[in-house]
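Report on one structure; see the data block that follows.
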Amino acid sequence: MEDPQIHGSIDRMVAEEHELWQREAAGNATDGDRQRLEELRVSLDQCWDLLRQRRARRHAGQDPEQASARPEDVVERYRQ
């Protein structure tokens, strides 16, 4: 997956996330909406991690295509 495709995925997920947060703020969110928010949070973390991997590989003179999305349990354990 190329960087523009990853950014497109991020943009779509962020738009959905904003819509779900608006429902939450209005008091209209369902349990399914809250579950989807959590799924989006993890997916967004994975996409941002993939972009960072690709950038690091490029910077090191390596092939960015060799980067891959890491599992949830890996990206969710990073320290900020």
Side-chain angles (χ1 to χ4, degrees):
M1 184 180 286
E2 298 287 325
D3 290 4
Q5 293 171 306
I6 299 168
H7 281 288
S9 294
I10 289 170
D11 289 343
R12 286 186 296 280
M13 285 187 278
V14 166
E16 183 181 356
E17 182 182 47
H18 283 243
E19 181 182 315
L20 291 169
W21 277 119
Q22 287 175 346
R23 285 188 214 165
E24 181 70 37
N28 298 324
T30 66
D31 288 340
D33 291 338
R34 290 180 195 96
Q35 181 177 349
R36 181 63 182 148
L37 275 168
E38 178 61 19
E39 292 168 0
L40 286 168
R41 184 185 64 78
V42 171
S43 294
L44 284 165
D45 286 350
Q46 288 172 312
C47 285
W48 285 116
D49 174 68
L50 181 57
L51 284 173
R52 284 189 295 274
Q53 285 182 63
R54 291 176 60 81
R55 182 178 42 221
R57 292 185 72 79
R58 254 188 234 101
H59 183 71
Q62 299 174 356
D63 182 5
E65 294 300 316
Q66 296 301 312
S68 61
R70 294 186 236 222
E72 174 184 349
D73 63 328
V74 172
V75 297
E76 293 308 301
R77 291 184 186 188
Y78 290 151
R79 292 189 181 177
Q80 297 296 324

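The chain is numbered in sequence order, starting from 1.
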query: D31 and Q35: side-chain donor and acceptor closer than 3.5 Å?
result: no

field: Joint cluster assignment, V14 & L37, ILVMFWY side-chain distance < 4.5 Å
entry: yes

field: Spatial distance of atom CG (N28) from atom CD (Q22) [nearest 0.5 Å]
entry: 11.0 Å

- prompt: Rounded to the nearest 0.5 Å, how far does CZ of R58 lie from CG of D3?
  reply: 4.0 Å

query: In chain order, what residues pass the salt bridge (Lys or Arg N to Asp or Glu O under 4.0 Å) check against R55, with sequence neighbours excluded?
result: none

- line: R12 meets the salt bridge (Lys or Arg N to Asp or Glu O under 4.0 Å) criterion, sequence neighbours left out, with none

query: Is any side-chain heavy atom of V74 less than 4.5 Å from a side-chain heavy atom of D49?
result: no

field: All salt bridge (Lys or Arg N to Asp or Glu O under 4.0 Å) counterparts of R57, not counting sequence neighbours
entry: none

- line: Closest non-hydrogen atoms of C47 and M13, given as atom of the first, atom of the second and distance, are SG-CE, 3.5 Å

- request: Report yes or no: do W48 and L40 belong to one cluster of Ile/Leu/Val/Met/Phe/Trp/Tyr joined by side chain heavy-atom distances under 4.5 Å?
  value: yes

task: Specify the closest pair of heavy atoms between R54 and A67, including all atoms of both residues, with the distance to one decimal.
output: CG-CB, 3.8 Å

- prompt: Would you call D33-R36 a salt bridge at under 4.0 Å N-O?
  reply: no

field: Any residue meeting side-chain contact (heavy atoms from CB on, under 4.5 Å) with P4, in chain and number order, not counting sequence neighbours
entry: E2

query: What residues, two or more places apart in sequence or in another chain, satisfy salt bridge (Lys or Arg N to Asp or Glu O under 4.0 Å) together with R41?
result: E38, D45, E76

- prompt: Any donor-acceptor pair under 3.5 Å linking the side chain of E24 with the backbone of R34?
  reply: no

statement: side-chain hydrogen bond (donor to acceptor under 3.5 Å, both in side chains) filter on Q46, not counting sequence neighbours, yields none

query: Do V75 and L44 sit in the same hydrophobic cluster, where Ile, Leu, Val, Met, Phe, Trp and Tyr count as joined when their side-chain heavy atoms come under 4.5 Å apart?
result: no

